[in-house]
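Notes follow once the structure below has been shown.
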Amino acid sequence: MNEIINYIHKANRVVIFTHQSPDGDAMGSSLAMYHFVRGLGKSAQVIVPNAFPDFLAWMPGADSVLQYDTQREQANGYIDQADLVICTDFNDPKRIGALGDRMLEMTCPKVLIDHHLYPTNFADFIVSVPEASSTCELVCEVIGDEAIRQLGDKAKDIATCIYTGLMTDTGNFSYNSNRPQIYPIIAQLIELGVNKDAIYNAVFNQYSVDRMKLVGYCLYQKMRVFPENHAALIYLGRKELYRFNFQKGDAEGIVNMPMQSKDIHYSVFMREDKATPDEMEKNGGIKTKIKLSFRSQGDRPVNVFASEVFNGGGHANAAGGEYYGPLAEAVQLFLDNYQKYFTK
Ligand code: 5GP
Ligand code: MN
């Protein structure tokens, strides 16, 4: 892990990339590195492939993040000058879309800190620990508690970013959170000034009334249950999203809800979206993208279904994928395959 610090000490202009549709761990890990690198007196810039949800906009440093889909010229200015790339929370350049193609053209060193299985070998140095709760846990280890303390004012910002990723990637410590070593880390973060209750509120209690109604609609009208396989499927088309004034981030967490039933061991959520111009180019001009989320409980991996059928991947109990084409086709693909993967 110290090797990453050596790369940072040698660099002066660092760009930090994290995955598409950034979540709390993606934002937390990239922004923690941002504050750390700047604290060492170097230049740093976080670049994300596309927008992050509004409920993460309060994070320290979030206002400085550049979006590659809408701020490409400005982002390329930093990329052209960079002498180090730090990648966080993704295991393959494909997970950052067009930014990945640009990254592969870069000649400066690249390092990766991640907790997804099977990283591809695109970086010069890789910290990959799939057992870790989150990339933020690994970032905390890489930076080191002592180093964070020495950063004075910035220590609280780094700690806040790290806590956010730990909290969101474990569903507020309800899954992926049995490794004992994360709890001393949390105690240290609180000592550095983290207000964990405020972070919970800022992330999880910020929904609109429209979104609450969307959740009601999903559970009452849209949840299909497959009792023999202990599975649930919810899917939403564009018209339904429009009806509930859908905003980015509103779908977050809906996939977890069926898991609250003792009868459900697997949950899948599908949402119709528009493909970006880059995605259309890569998928024969198809305009409709279906984004899928998979969840399961215990020893029932869902990442295999996600990767074999829906070109995705992720963790055993939380995975995702995508399909380019009409929603009805994606639903049919699910119906044709779920019995093979949802077996207990
Ligand atoms: P979510 O359902 O919260 O969007 O994603 C859950 C997890 O699945 C993410 O942490 C990520 O690891 C993985 N994931 C989501 N979408 C994709 C995808 O399109 N491709 C791959 N490889 N992994 C994904
Ligand atoms: Mn993560």
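Just so you know, ligand 1 is whichever comes first in the structure, and atom 1 is the first atom listed for that ligand. Worth saying up front: this structure is predicted, and the values here are computed from it rather than measured.
The nearest protein atom to atom 23 (N) of ligand 1, hydrogens excluded, is given as Gly313 O, 3.2 Å; this is a heavy-atom distance. Of the protein's non-hydrogen atoms, the one nearest atom 16 (N) of ligand 1 is Lys291 NZ, 2.9 Å. Residue, atom and distance of the protein heavy atom nearest to atom 7 (C) of ligand 1 are Ala318 O, 3.5 Å. Protein heavy atom at the shortest distance from atom 20 (N) of ligand 1 is Gly312 CA, 3.5 Å.
As a member of the Ile/Leu/Val/Met/Phe/Trp/Tyr network built from side-chain separations under 4.5 Å, Tyr175 groups with nothing else and remains a singleton.
Under 4.0 Å from ligand 1, not a single heavy atom of His19 appears.
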Worked verdict on Tyr338 versus Phe226 for ring pair (Phe, Tyr, Trp, His ring centres under 6.0 Å): CA-CA 10 Å; Tyr338 77 92; Phe226 305 88; 4.7 Å; yes

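Side-chain contact of Tyr207 with Glu252: a donor-acceptor pair under 3.5 Å is absent, judged by distance alone. Between the side chains of Ser30 and Thr18, no donor N or O sits under 3.5 Å from an acceptor N or O. Counting only N and O atoms by type, the side chains of Asn201 and Asn205 include a donor and acceptor under 3.5 Å apart. A donor atom on one side chain and an acceptor atom on the other are found under 3.5 Å apart for Asn317 and Ser296. At a cut-off of 3.5 Å, with distance as the only test, a side-chain donor of Asp89 or Thr135 sits close to an acceptor on the other residue.
Listed by chain and residue number, nothing satisfies the ring-ring contact (aromatic ring centres under 6.0 Å, His included) test with Phe36 (two or more places apart in sequence, or in another chain).
For atom 5 (O) of ligand 1, the nearest non-hydrogen atom from the set Gly24, Ala251, Ser134, Ala319 belongs to Ala319. Nearest-residue assignment for atom 11 (C) of ligand 1 (options Arg95, Glu252, His315; heavy-atom criterion): Arg95. Ranked by closest heavy atom to atom 4 (O) of ligand 1, the top entry among Ser307, Ser293, Gly320, Gly253 is Ser293.
When each atom of ligand 1 is checked for a heavy atom of His116 under 4.0 Å away, the hits are 10 (O), 11 (C), 12 (O).
Between Tyr235 and Phe269, the distance from one ring center to the other does not fall under 6.0 angstrom.
Within the 4.0 Å heavy-atom cutoff, Lys94 does not count among the residues contacting ligand 1.
For ligand 1, the polar-atom distance check against Arg295 finds a nitrogen or oxygen pair separated by under 3.5 Å.
Using the six-membered ring where Trp is involved, Tyr217 and Phe244 have ring planes that are tilted, between 30° and 60° apart.
Taking distances strictly below 2.8 Å, the protein N/O/S atoms close to the Mn ion (ligand 2) are Asp25 OD2, Asp89 OD1, His115 NE2, Asp169 OD2.
Annotation: salt bridge (Lys or Arg N to Asp or Glu O under 4.0 Å) contacts involving residues 198-208, sequence neighbours excluded, are absent.
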